[in-house]
Amino acid sequence: MLQIKNLTVYVEDKKIIDNLSLEIPDGEIHALMGKNGTGKSTLCKVIMHDPNYVIKSGQIIWHNQDLGQMDPTHIAREKVFLLNQSPLAIEGVTNAEMLRMSLSEIKNTQIGIFEFHQKMQEVCQKLGLPQSFIHREINVGMSGGERKKNELLHMWMLEPELILLDELDSGLDVDAIETVASSIKEYYEKYKPTILIVTHHAKILDLLNVQKVHIMNQGKISQSGDKSLAMKIENEGFAKTFDISGLEQNE
Amino acid sequence: MNKIILDKEENILENVDGTIILNKLVKKIIFKGINIVTIAKVDYDLNLEIELLDNSSLDLKYFTWDDNTNITFKQNNNTNLLFRKSFYARKNSLIKLKNIIVGNNNKSNLKVRAISYKESISIDVLLDVLNSSKDNEVIEDLKGINYGGLVLIKPNMEINTSEVLANHYVTISSINKDDLFYLESKGLEPKISEKLILEGFLKGIMEVKNDE
């Protein structure tokens, strides 16, 4: 289970996450929604212990360890995987180079080249990526959609048990959303990971069969519910759903 | 490769894989036709003139440690030059590149990637487009990483004609912390991540990209 207990996070002097608590039981898919700037992406990065953010208080418990006390390398080795909203491009470092090294480190053993390439080829095929992606530099010269698929290639190779999907669907066309969603669904059915997905759209929640939806507002979880909550937001917007438009007018 | 014209042909060795080994005595190389060249084993300060004859192209690349380089290019008409140099300096070094565009319809792309380890690197680049020339495209693409040392880049352009497309890109930075976080979040140790980023920075321009 992923347990976030009373988490407060700052960037410089600004409080981004304010005493937030959240639990995701093993093997469940939960969604995090909310207006822009409410701290959703920050939460994903903080779970991965991005050094740009400072945890002032609280705990993030996964596999009985506090991720807040661990570095990103060891968090990844606890089978946690972050798919960023805008995946970075790393010039001169290929997918194969990084993944083979990562797998060797994670599994603490040399990875056979034949077995590795065979799996890379299978995953590329699954994602509809050309085989050339195996030796492409990480996300260099790739479109937004290709970058997301390239990150899914990493996910399939590293076989994480906790997956943080930060706006997987942003910048993707309808067909691409279905492709990535079906890949995640297939992964979920095979490995039953725990997934936290940050999104603005109910469509991907439908495709992934999300069990619970949490709404984030001003650094806190303001409401939780089932998928119908996401549908309501999609149809009516945050302001109307939570009846905060009046408050905004009074201010 | 048989199209290389030298002042003294005995001073150049060509390997089967297309790399050339230069002798210190080589001071000038004239290229005609299409040439893809990797210079190997430069273990001395390179001081060279390179000329591209009309309708020629040259894709020249090499990696060095710690050298001082002084290369002057000359492009005539309808030529295409892609120069790529990656460089890791452990002592004070100076790279001087000059490209004189004398004719028309040439393309020039000078790319340098430099990492300074403890000491300083000075990179002086001058693109000189003469006033009688036209329809030329010139790019300076120069990047440095301060890795305990200091990179200084002077991207100069002397454009004496209005009929030219000229761009320059210069970046000097430390290792990007977001890049480090990205690789660490895939399970790599910080030291290994750092090494991959540095190697990737130097190797990156050695790959021919689609836009080139």
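In what follows, every chain begins at residue 1, and chains take the letters A, B, ... in the order their sequences are listed.
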Identify which of A/Ile106, A/Asn84, A/Leu158, A/Asp50 forms the greatest number of heavy-atom pairs closer than 4.5 Å to chain B.
->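 Highest number of pairs under 4.5 Å: A/Asp50.
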Heavy-atom pairs under 4.5 Å with chain B, option from A/Pro72, A/Pro87, A/Pro51 with the top count =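 Going by pairs under 4.5 Å, I would pick A/Pro72.
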Count the heavy atoms of every other residue, nucleotide or ligand shown that sit under 6.0 Å from [atom1] of [X], and state whether that count exceeds 12.
X	atom1	value
A/Lys119	NZ	yes
B/Tyr117	OH	no
A/Gln125	CD	no
A/Asp173	CG	yes
A/Lys126	NZ	yes
A/Lys185	NZ	no

Given that the side chain runs from C-beta out, which part of [X] has a heavy atom under 4.5 Å from chain B: side chain, backbone, both or neither?
X	result
A/Ile75	neither
A/His49	backbone
A/Leu99	neither
A/Asn52	side chain

Do any of residues 127-136 of chain A come closer than 4.5 Å to chain B, heavy atom to heavy atom, and if so which ones, in number order?
->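 If one takes a 4.5 Å heavy-atom cut-off, no residue of residues 127-136 of chain A lies near chain B.
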Output the distance between atom OG1 (A/Thr73) and atom CZ (B/Phe181), rounded to the nearest 0.5 Å.
->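 Interatomic distance, A/Thr73 OG1 to B/Phe181 CZ, rounded to 0.5 Å: 10.0 Å.
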Separation of A/Glu97 CD from B/Lys203 NZ (nearest 0.5 Å) =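 The distance works out to 4.0 Å.
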Heavy-atom distance under 4.5 Å between the side chains of A/Leu88 and B/Asp179, does that happen here?
->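 In contact.
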Which one of B/Leu180, B/Asn176, B/Leu202, B/Asp178 has the most heavy-atom pairs closer than 4.5 Å to chain A?
->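 Top option by heavy-atom pairs under 4.5 Å: B/Asp178.
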For chain A, which residues of residues 182-196 of chain B have at least one non-hydrogen atom nearer than 4.5 Å to it?
->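 Hits under 4.5 Å: B/Tyr182, B/Leu183, B/Glu184, B/Ser185, B/Lys186, B/Gly187, B/Leu188, B/Glu189, B/Pro190, B/Ile192, B/Leu196.
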